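Worth knowing before you read on, the calculation uses all heavy atoms, side chains too, and leaves out hydrogens, waters and symmetry mates. This is a predicted model, so every value here is computed, not measured. Chain naming here is simple, since letters A, B, ... match the order of the sequence lines and numbering starts at 1 in each.
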Protein chains: 2
Amino acid sequence: MKITHDFKKIMHDANLKCTAPRELVIALLYEKHLPLSAQDIFEQLKKKNTIDLATVYRTLASFEKAGLVKRIDLRTDTVLYELNTLHHHHIVCTHCGRVEDFDLCEVDRLMKKVASQSSHFNVVSEHTLEFFGVCTACTS
Amino acid sequence: MKITHDFKKIMHDANLKCTAPRELVIALLYEKHLPLSAQDIFEQLKKKNTIDLATVYRTLASFEKAGLVKRIDLRTDTVLYELNTLHHHHIVCTHCGRVEDFDLCEVDRLMKKVASQSSHFNVVSEHTLEFFGVCTACTS
DNA sequence: TTGAATGCAAATCGTTTGCATCTCA
DNA sequence: TGAGATGCAAACGATTTGCATTCAA
């Protein structure tokens, strides 16, 4: 099932107008299933479409505000975005940049511990967790 | 004990020359004990000293390469730096920006799990882990 | 019809770099 | 003395913004 089937509903639920650029961006994020930078998205899309880099930035900003995408920091020079689907984290190869998803997250338990230990925080609502290593392809 | 006592040794071990800007930067990071941006450091130091913003950037870069400081991403608009002391993480108030250290880290176990589950990574050497919530001062 | 979204260009801001000068080792 | 570090100014690159035009609702 392509994301575009749901596009109208998604936009409507997010109180955003259905526009060509928005559909292009969301479809690309869905297709690639990887954290992408605004530049990445722009480069990919402009091959076959008319789209402006500023529009990509504005689109990502409104998507983020609507909770449709999430900013990811993988120690790259620029911020990356990915669809805000199921909670997951990443393993990044520090050598070639390969990114793999990592679904297992046991941080919830840890978050409760954080809250109970801290004198200034009672509730910890979010966390970032990313792993870095060297992938098998780069090791051999 | 002030860090400046050890400054010469630290610089020597890191193969870096002892200079006034470097001592200022390292002393400030030690004193504040908080993640600071290059701009932060520059603003603080220029009140009482002659220092250039470019020097701050270069100092942080050489410190990072030498393993003296660590880049921290707390979802702020710019990257922050702190002394690379004992392994720890942070809890950040998403309302006022307050930062608290969090020493407990049980991610080592998780890292092994990550490595064993992944088909492309055998070794996971590093991780980032930050918590976000609203602090008690902002809740009340 | 109208407010929001787009494209284009210019502005902004954090960061980096070139270069002459200075300073530590 | 010589390599590396600094200060200053200019360059750079990612991101943002102003504005006229277009478009979805």
Working for side chain to side chain donor-acceptor pair (under 3.5 Å), residues B:D101 and B:H33 | CA-CA 10 Å; B:D101 282 3; B:H33 188 71; 3.0 Å; yes

Expressed as a whole number of angstroms, how long is the span from [X]:[atom1] to [N]:[atom2]?
X: B:R71; N: C:dT15; atom1: CZ; atom2: C1'; value: 10 Å
X: A:E23; N: C:dA5; atom1: CD; atom2: C1'; value: 15 Å
X: B:D77; N: D:dT15; atom1: CG; atom2: C1'; value: 12 Å
X: A:L80; N: D:dT15; atom1: CG; atom2: C1'; value: 15 Å
X: A:K8; N: D:dA25; atom1: NZ; atom2: C1'; value: 11 Å
X: B:I51; N: D:dG7; atom1: CD1; atom2: P; value: 6 Å
X: B:Y81; N: C:dT15; atom1: OH; atom2: P; value: 7 Å

So, B:E126 and A:R75, do they make that salt bridge, N to O below 4.0 Å?
yes

key: salt_bridge(B:K70, B:E82) N-O dist < 4.0 Å   = no

When B:V79 and B:T19 are each assigned the nearest nucleotide of DNA chain C, the 5'-most assignment goes to B:V79

Of the candidates D:dA5, D:dC8, D:dA24, the side chain of A:C18 sits closest to D:dA24

Out of D:dA5, C:dG14, D:dT6, minimum distance to the side chain of B:K17 belongs to D:dA5

Numerically ordered, the residues 55-68 of chain A set in heavy-atom contact under 4.0 Å with DNA chain D is A:Y57, A:R58

Ordered by number, residues from residues 38-50 of chain A within less than 4.0 Å of DNA chain C (heavy atoms) are A:T50

Determine, step by step, whether B:L83 and B:L68 satisfy the side-chain contact (heavy atoms from CB on, under 4.5 Å) criterion, reporting the C-alpha distance in whole Å, the side-chain angles of both residues, the deciding distance to 0.1 Å, and the verdict. CA-CA 6 Å; B:L83 286 181; B:L68 296 178; 5.6 Å; no

Check: Do B:L28 and B:L36 come within less than 4.5 Å of each other through their side chains, counting heavy atoms only?
Finding: yes

Exercise. Would a 4.5 Å heavy-atom cut-off, applied to side chains only, mark B:H90 and B:F102 as touching?
Worked result: no

When B:R22 and B:A54 are each assigned the nearest nucleotide of DNA chain D, the 5'-most assignment goes to B:R22

Query raised in the report: Between A:T136 and B:H120, is there a donor-acceptor pair closer than 3.5 Å when you use the side chain of the first and the backbone of the second?
Result: yes

*asked:* Is it the case that the side chain of A:S125 and the backbone of B:F132 share a donor-acceptor pair, with hydrogens and angles ignored and the cut-off at 3.5 Å?
replied: yes

Mutual orientation of the aromatic rings belonging to A:H127 and B:F131 [parallel < 30°, tilted 30-60°, perpendicular > 60°]: tilted

Q) At under 4.0 Å between heavy atoms, what does B:L53 touch on the DNA or RNA strands: base, sugar-phosphate, or nothing? A) base

